[in-house]
There are 4 protein chains.
Amino acid sequence: MRIDLNADVGESFGRWTLGDDDALLEVVTSANVACGFHAGDPATLRRTCATAARHGVALGAQVSYRDLAGFGRRFVDVAPADLRDDVAYQVGGLAALAAAAGVPLAYVKPHGALYNAVVHHEAQAAAVVEAVAELSAGPLARAWGGPLAVLGLPGSALLRHAADAGLRVVAEAFADRGYTPAGTLVPRAEPGALVTDPAEVAARAVRMAVDHEVVAVDGSVVAVDPGSLCVHGDSPDAVGLARAVRTALAAAGVDVRSFATP
Amino acid sequence: MRIDLNADVGESFGRWTLGDDDALLEVVTSANVACGFHAGDPATLRRTCATAARHGVALGAQVSYRDLAGFGRRFVDVAPADLRDDVAYQVGGLAALAAAAGVPLAYVKPHGALYNAVVHHEAQAAAVVEAVAELSAGPLARAWGGPLAVLGLPGSALLRHAADAGLRVVAEAFADRGYTPAGTLVPRAEPGALVTDPAEVAARAVRMAVDHEVVAVDGSVVAVDPGSLCVHGDSPDAVGLARAVRTALAAAGVDVRSFATP
Amino acid sequence: MRIDLNADVGESFGRWTLGDDDALLEVVTSANVACGFHAGDPATLRRTCATAARHGVALGAQVSYRDLAGFGRRFVDVAPADLRDDVAYQVGGLAALAAAAGVPLAYVKPHGALYNAVVHHEAQAAAVVEAVAELSAGPLARAWGGPLAVLGLPGSALLRHAADAGLRVVAEAFADRGYTPAGTLVPRAEPGALVTDPAEVAARAVRMAVDHEVVAVDGSVVAVDPGSLCVHGDSPDAVGLARAVRTALAAAGVDVRSFATP
Amino acid sequence: MRIDLNADVGESFGRWTLGDDDALLEVVTSANVACGFHAGDPATLRRTCATAARHGVALGAQVSYRDLAGFGRRFVDVAPADLRDDVAYQVGGLAALAAAAGVPLAYVKPHGALYNAVVHHEAQAAAVVEAVAELSAGPLARAWGGPLAVLGLPGSALLRHAADAGLRVVAEAFADRGYTPAGTLVPRAEPGALVTDPAEVAARAVRMAVDHEVVAVDGSVVAVDPGSLCVHGDSPDAVGLARAVRTALAAAGVDVRSFATP
């Protein structure tokens, strides 16, 4: 029994700070680091990578649409070829700051509206994968000690394209989100979308990791098989919730470790 | 007798195009590719790197202040630590697109106002060098097959810091600029600053490469020892001038080849 | 018989120039001036407004999504309230530079992907109109001597919302675009989308202005009633085409004058 | 005895929030609202202007270098003509959102590095003033009910140029900053630069407003004659400090009112 915990970090920008990265990086095992397009100036990236390295946290590139004003939360109908190049640029930019911390990148995870788009948007999903595959095969691949994995939603076009491209795929689950009987997430605007009680979130995380199942909003039991659990970082009690999840997983005998670690 | 010819390329941005990169990359041997901070969207970087690769042109990162609106031509009093990280991010971003073209980066050359600043600004010069040195030593160094060189003005703080850091330094000269008896460039606002006649520019280039000297504005002969000659890319007849220089060098038996080529 | 000719101008940005604004502003009667979000730095706006003022050309705010890298040609799923405020900000920014030229703004026309979106996207159309209505009613309305008109596609959600809000609406037609029998534009990817022969474009413009009709791609005659004809500015022969249209209109006795002129 | 209290507000940007504007706008009488170049997306500007309007707080445009990543705290050697146009654009953009709140702008105050530059930088100071003077004289002037005042440091080139241009100038003092015997601010890096005790800050504010003097770091008494006191908004106890100042001023019988109020 083994699971990874991932969270978004590095989302400050210049004078503006966001999230308690220092505390969060003591709890999670994989860090989705912003890459400058929705958040994350280079100095923030350096600090974030250095802190993650100190805690042995694996580094992932949290790539986004180019949209600082919207924090990457707005769908942008960018041409696939441009998106591919935007993704490559962001991964490279972060890789340079990660290199300064002496740590290779391990994976790529789309952010915000791009994350949601590549669940269904075939062309954008393929574009993201094309960038990751190129970087995984080319000379830069050596910069992170091997091919990059792709972290995303199970059943998404993104993970399907990534698997087809021969990339390692890691599916994630959300212990603090409601699930439909079909195994998809309850939309945020609907009842049952969010689970806020730390004890309940922790219990759901354990059941996901140990029993590979989750109780849906209608009470039915749905199968899940996550390689990673996503912990949200920007809620007021994000760190407390993450700690509760990690503690419960450890108490249940689950090995909490990055999927990138052998 | 051997010399490199370098020029700025990749300076388009989205809908806006600038320069005749395709023609210029048939003439020069080193390409200073914009990195997104003063110009150069990722799709432009990919195209530029691919074209350069086709012509066997060495790739350099033309790093800049973050200033799209000013095209990097305005001094920005950025803190050295932030500048270091901005430089690393730009080099990484470009390296990813260069990797997509299957080509490693070979060097870094500051652009515009940053180029001018690091002639004398010790802290900013040291910051640029710190970024290059880190990337040259860290895991990303393997991404370009070895340490990065630094291309800049002879006598500049930049090249001094780079040499002190153990980096390879390449000094450049300008066949189309006037020189003072002291060997510095005549400021653009003064008489004799620019040499516009193609035949004269070509002859100066040959004398620089073969005899390691240039005639200053007062008629005296000044010693120069450039590893590269800079060809300006954004004048109306830039390509014609570059061709004239290259043809004259070849006719004089000079081996026109990138300093990055063994 | 009277018609307006409008064209996009002010779409340079910093070092990058686009279009021959000086020539175009000698031909058209209304100038859709970029407002900084897809193109148009403030210095460009000042120059453009001053040139337009010299030729007695009416000024409109060509508002856009915030997307310099995409030149405003990519749909952005921006929240309506944010879009409303983005539009107001752009109109105000341009109005200040127009004021420096001593000229009030006369109208608003959405640009690129926003233009296309507000044909059908009710919420975004309403948001654009809300901004224009607010500025037309508030204290700033005096800055341009009266309420702002809205220029757009006939039958669009934008013009419907604008009319409902009591704003003046001006519908435009395209003499160089093919029309379907239903009176909509032939999509650019389909045959007959573009009319390139200057004489034919000019003849269509005259028929639109004089007879209020256009021949559709199937040969049928379709009714149109434009208050303005749009002249594209970024094709190689844009100015020549615009001149041909204007000359033909004048020869046909049509009074070519801005809709904003009494 | 009458004084104005001013503070920086509207410095959030998209997802990132900064400062407790709601609380601060209950205390101050003049609001320096960011204009989008160093902070302040349009939706933030609308909210800020509306809150200020509710509290009867006068609105000023806090204009800046174009530098989101540096929060406008880095000197940029922008050409004066470009700076003039950048200032005009920012004022216009904010004026549009202020108009939506039904409130005219009353003044302009440079932000951060620009504030510091225009103390001595004649060309940039003149450029800022040129923009304000143009907007104060042109048709847009009616948008805010009259000419704009300029708020800045006493003895600065900015206020001198503004006075020469016939603009109203308002000099500000800092109750929480140490003064030299010459009446200038003690540089932040030197001892005595900051006064942090709320009671002492409040007492200094009262003495400035009532007696037009302040005790310098060497104990000497220096004459000051501020039309406004600046209250810093981004320290942890900013609101508490501002309240202490306002309460002390009221207790001393000082009329705390915007300089823009008759």
Side-chain angles (χ1 to χ4, degrees), chain A residues 14-15 34-37 40-50 53 59 61 63 66 78-105 108 127 130-146 148, chain B residues 14-15 34-37 40-50 53 59 61 63 66 78-105 108 127 130-146 148:
Chain A
R15 175 70 182 82
C35 297
F37 271 39
D41 60 284
T44 291
L45 301 196
R46 173 185 292 268
R47 269 195 310 274
T48 306
C49 291
L59 292 179
V63 297
R66 186 193 285 262
V78 52
D82 290 338
L83 177 60
R84 177 198 60 199
D85 298 343
D86 284 353
V87 166
Y89 182 85
Q90 292 177 78
V91 173
L94 176 62
L97 277 312
V103 181
L105 298 183
V108 171
E130 188 179 346
V132 179
E134 272 186 342
L135 292 172
S136 294
L140 258 184
R142 290 174 289 157
W144 32 74
L148 293 164
Chain B
R15 176 71 181 82
C35 297
F37 270 40
D41 61 286
T44 291
L45 301 196
R46 170 185 294 268
R47 267 194 310 275
T48 306
C49 290
L59 293 179
V63 297
R66 187 193 286 262
V78 52
D82 291 339
L83 177 59
R84 176 196 60 200
D85 298 344
D86 284 353
V87 167
Y89 182 85
Q90 291 177 78
V91 173
L94 176 61
L97 275 313
V103 180
L105 297 184
V108 171
E130 189 180 345
V132 179
E134 275 186 342
L135 292 171
S136 294
L140 257 184
R142 287 175 290 157
W144 33 75
L148 292 163

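When reading the values below, keep in mind they use all heavy atoms of this one structure, side chains included, and skip hydrogens, waters and symmetry mates.
Options B/Ala101, B/Ala88, B/Ala131 differ in how many heavy-atom pairs under 4.5 Å they form with chain A, and the most are formed by B/Ala88. When each of A/Leu94, A/Leu97, A/Asp85 is checked for heavy-atom pairs under 4.5 Å with chain B, A/Asp85 comes out on top.
Shortest non-hydrogen contact noted between B/Leu105 and B/Val91 is CD1-O, 3.6 Å. Scanning both residues, A/Asp82 and B/Ala43, for their nearest heavy atoms gives OD1-CB, 3.4 Å.
For the atom pair CG of A/Asp41 and CG of B/Asp86, the computed distance is 8.0 Å after rounding to the nearest 0.5 Å.
Residues B/Gln90 and B/Arg66 are not in side-chain contact: their nearest non-hydrogen atoms beyond the backbone lie 4.5 Å or more apart.
Of the two parts of B/Ala81, neither the backbone nor the side chain holds a non-hydrogen atom closer than 4.5 Å to a non-hydrogen atom of chain A.
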